[in-house]
Amino acid sequence: MDISEINNPDLHQYIEALKNENEDLKKAFECSYDGIWICDAKGVTISINKAIERITGLKKEDVTGKNMIDLVEKGIFDQSATLKALEEKNTVTIMQKVISGISTIVTANPIFDQNGNIKKVISNVRDITELIQLREQLQRLEEEKNKYQSELNSLLHHIEEVNDIVLKSPNMKKVIEKVMQVAKYDTTVVLLGESGTGKEVMAQLIHDSSPRKEKGEFIRVNCSAIPAELLESEMFGYEAGAFTGAKKSGKPGLIELAHHGTLFLDEIGELPLNIQAKFLRAIQEKEIMRLGGVTPIKVNFRIIAATNRNLNDMVANGEFREDLFYRLNVVPVTIPPLRTRKDDIPKLIESFTNTFNKYYDTKKRFSPEAIRILIDYPWPGNVRELKNIVERMFVTTSSDTIYQQDLPNFLLRHVKPEVSYKNGSLKEQLAQYERELLQNTLRVSTTTYEAAALLGVDQSTVVRKMKKYHLSM
């Protein structure tokens, strides 16, 4: 007798509920985005859902009734999570490769009966081929990034050695990276920043890193140093007899000398308005006319301008031509003042010290306390002022070591107390001072050997004290 024929309303209702639930489970089984593979206790495939077919490319009729051992032996799979779950009697997750080239991650869950025996193994299968490809792509990108970073570091090191530019602070490294990027193009660059930040050095670096280095010269024009009445003839040149006192043979201008090279206009904000108009024409037409001349001269030059003034304000006040401003302001690069890149100060001091030791044939060095004071000073004159102070110390001190008391009074007035002692025994206060002194020395040193030389002790003593006070380079 069919159980559905039993005349029991509650039983009929229960059977219908079971049928509905079974249908829902079948729909869930087939609708699952992840693949589901069901095997019996011997590893024989009972059923797979449509997602398995989509993921692996295998057909349901080709694998149903097949043992996972056979599928692995035939190379359909490189390994089976089902077989491992049956062996270990526990949930197993593996990376599995399919014969079609697909990579999957499979989690096999054993289902136990009331006696603790495995009756089925249900495996969840997910395609991770794309994830693996993305991971490999990320690895390649990471390798390329490391390669480019290594090349960049090598390039920056070369720049430091050849161009005498210190690149320890992050903001200065960003400036150099930007400069090196635009150097290879002929675009116009405007260098902005306070006086003494090294705009001319940066302009020279751009020229030296560009193709124009091999074709032409780096011509510098200090717009504030040349008298206004001579500026036009100096920039554009003149023909013979153009004015009283002119050379009989005439003279090429600085713009003409920059043909195929780079024209660096320092203090561009000081360029008179009448010269600005003529210079704008030279940029637009790529030609100049000497004073007293009648034949235009073609010129091909790159422009790098520099100023410590606010050109936007000058344009608003009518002190600088707006059309020239937009011609020049293609790639603005702001060089940070020295007070915002204090990490560079010890290296700059070291660089200047090496330079002046060679020049004056001396063996001078700055003490850690003196270096700390130089770091704390705000340097309104920037790198130029620091270099002048270092040279001043070289010629005004007699000992090989330049101490705190040797520094000018205006620097000492900016000294910040580095150590604030608390009440305690002499031993405790000496230990506190020793720690602070070692910390300050490490701050201005690149190696423990250098720190040891500055302190006049063995390198092993420095390492032992660093461990004692939990300090690092």
Short side-chain to backbone donor-acceptor contact, W37 and A108, under 3.5 Å: no
message: Is any side-chain heavy atom of P296 closer than 4.5 Å to one of E285?
response: no
message: Salt bridge or not between R365 and E350? Use side-chain N to carboxylate O under 4.0 Å.
response: no
message: Quick check for you: to the nearest 0.5 Å, what is the distance between L191 atom CG and D266 atom CG?
response: 9.0 Å
task: Would you give the length of the straight line joining atom CZ of F218 to atom CD1 of I206, rounded to the nearest 0.5 angstrom?
output: 8.5 Å
field: K213 versus D208, closest heavy-atom pair with distance
entry: CD-O, 3.2 Å
- request: Would you mind checking if E234 and K251 are paired as a salt bridge, meaning a charged N to carboxylate O distance below 4.0 Å?
  value: yes
message: Treating K199 as the side-chain partner and E267 as the backbone partner, does any N or O pair qualify as donor plus acceptor under 3.5 Å?
response: no
- request: Please tell me if the side chains of R341 and L348 come closer than 4.5 Å, counting only heavy atoms from C-beta onward.
  value: yes
- prompt: Any side-chain donor-acceptor pair under 3.5 Å between S460 and D458?
  reply: no
task: Could you verify whether a donor N or O on one side chain and an acceptor N or O on the other, from T93 and T107, lie under 3.5 Å apart?
output: yes
query: Is NZ or CZ of K286 both nearer than 6.0 Å to the six-membered ring centre of F301 and within 45° of the ring axis?
result: yes
- request: Over 60° means perpendicular and under 30° means parallel, so classify the ring planes of F410 and Y377, tilted if in between.
  value: perpendicular
task: Ignoring hydrogens and angles, state whether a donor on the side chain of R384 or S195 is under 3.5 Å from an acceptor on the partner side chain.
output: yes
query: For L271, does its backbone N or O pair with a side-chain atom of Q276 as donor and acceptor, under 3.5 Å?
result: yes
task: Fit a plane to each ring of F356 and F352, take the angle between them on a 0 to 90° scale, and name the class: parallel (under 30°), tilted (30 to 60°) or perpendicular (over 60°).
output: tilted
- request: Indicate yes or no for a side-chain donor-acceptor contact from N329 to the backbone of F325 under 3.5 Å, with no hydrogens or angles considered.
  value: no
task: Answer yes or no: is there a side-chain heavy-atom contact under 4.5 Å between L324 and I283?
output: yes
- prompt: Is K364 reaching over with its side chain to a backbone N or O of S399, donor-acceptor style, under 3.5 angstrom?
  reply: yes
field: Atom of F236, atom of A282 and distance for their closest heavy-atom approach
entry: CE2-CB, 4.3 Å
- prompt: Salt bridge between E194 and R339, side-chain N to carboxylate O under 4.0 Å?
  reply: yes
field: Nearest non-hydrogen partners of S80 and V72, listed with the distance
entry: CB-CG2, 3.8 Å
message: Has N354 got a side-chain atom pairing as donor or acceptor with S351's backbone, closer than 3.5 angstrom?
response: no
- prompt: Under the criterion side-chain contact (heavy atoms from CB on, under 4.5 Å), which of N300, I288, I219 is the partner of H259?
  reply: N300
query: Does a side-chain heavy-atom distance below 4.5 Å link V179 with V189?
result: no
message: Measuring from atom CD of Q405 to atom CD of E369, what distance do you get when rounded to the nearest 0.5 angstrom?
response: 8.5 Å
query: Nearest heavy-atom pair of I55 and V125: which atoms, and what distance?
result: CD1-O, 3.7 Å
task: Would you check if T91 and P110 make a side-chain contact, meaning some heavy-atom pair closer than 4.5 Å?
output: yes
- request: May I ask you to test the L471-K465 pair for a side-chain heavy-atom distance under 4.5 Å?
  value: no
task: Decide whether T104 and D127 meet the rule of one side-chain donor and one side-chain acceptor closer than 3.5 Å.
output: no
field: Side-chain donor/acceptor of D34 to backbone N/O of N124, under 3.5 Å
entry: no
- prompt: Under the 3.5 angstrom rule, does the side chain of Q96 hit a backbone N or O of Q79 as a donor-acceptor pair?
  reply: yes
- request: May I ask you to establish whether R302 and Y185 are in a cation-pi arrangement, using a distance under 6.0 Å from NZ or CZ to the six-membered ring centre and at most 45° from the ring axis?
  value: no
- request: Please answer whether the main-chain N or O of L192 pairs with a side-chain N or O of T334 as donor and acceptor at a distance below 3.5 Å.
  value: no
query: Relative to the ring of F394, is the ring of F366 parallel (under 30°), tilted (30 to 60°) or perpendicular (over 60°)?
result: tilted
- prompt: So, Q439 versus Y469: side-chain donor-acceptor pair below 3.5 Å or not?
  reply: no
- prompt: Counting N and O atoms only, with roles assigned by atom type, does the side chain of T197 sit under 3.5 Å from a partner on the main chain of P336, one being a donor and the other an acceptor?
  reply: no
query: Once you round to the nearest 0.5 Å, how far does OG1 of T355 lie from CD of E391?
result: 10.0 Å
field: Atom pair CE/CG of M172 and L338 - distance to nearest 0.5 Å
entry: 9.5 Å
message: In the structure I gave you, are the side-chain heavy atoms of L411 and W379 within less than 4.5 Å of one another anywhere?
response: yes
task: Quickly, which of E177, K178, K184 forms a side-chain contact (heavy atoms from CB on, under 4.5 Å) with Q181? Name it, please.
output: K184
- request: Please test R281 against E287 for salt bridge (charged side-chain N to carboxylate O under 4.0 Å, His left out), starting from the C-alpha separation and ending with a verdict.
  value: CA-CA 8 Å; R281 184 182 179 280; E287 64 180 27; 3.4 Å; yes
- prompt: Taking atom CZ of R309 and atom CD1 of I268, what is their separation to the nearest 0.5 Å?
  reply: 11.5 Å
message: Working note: N222 + S224, criterion side chain to side chain donor-acceptor pair (under 3.5 Å); need CA distance, chi angles, decisive distance, verdict.
response: CA-CA 5 Å; N222 190 324; S224 64; 2.7 Å; yes
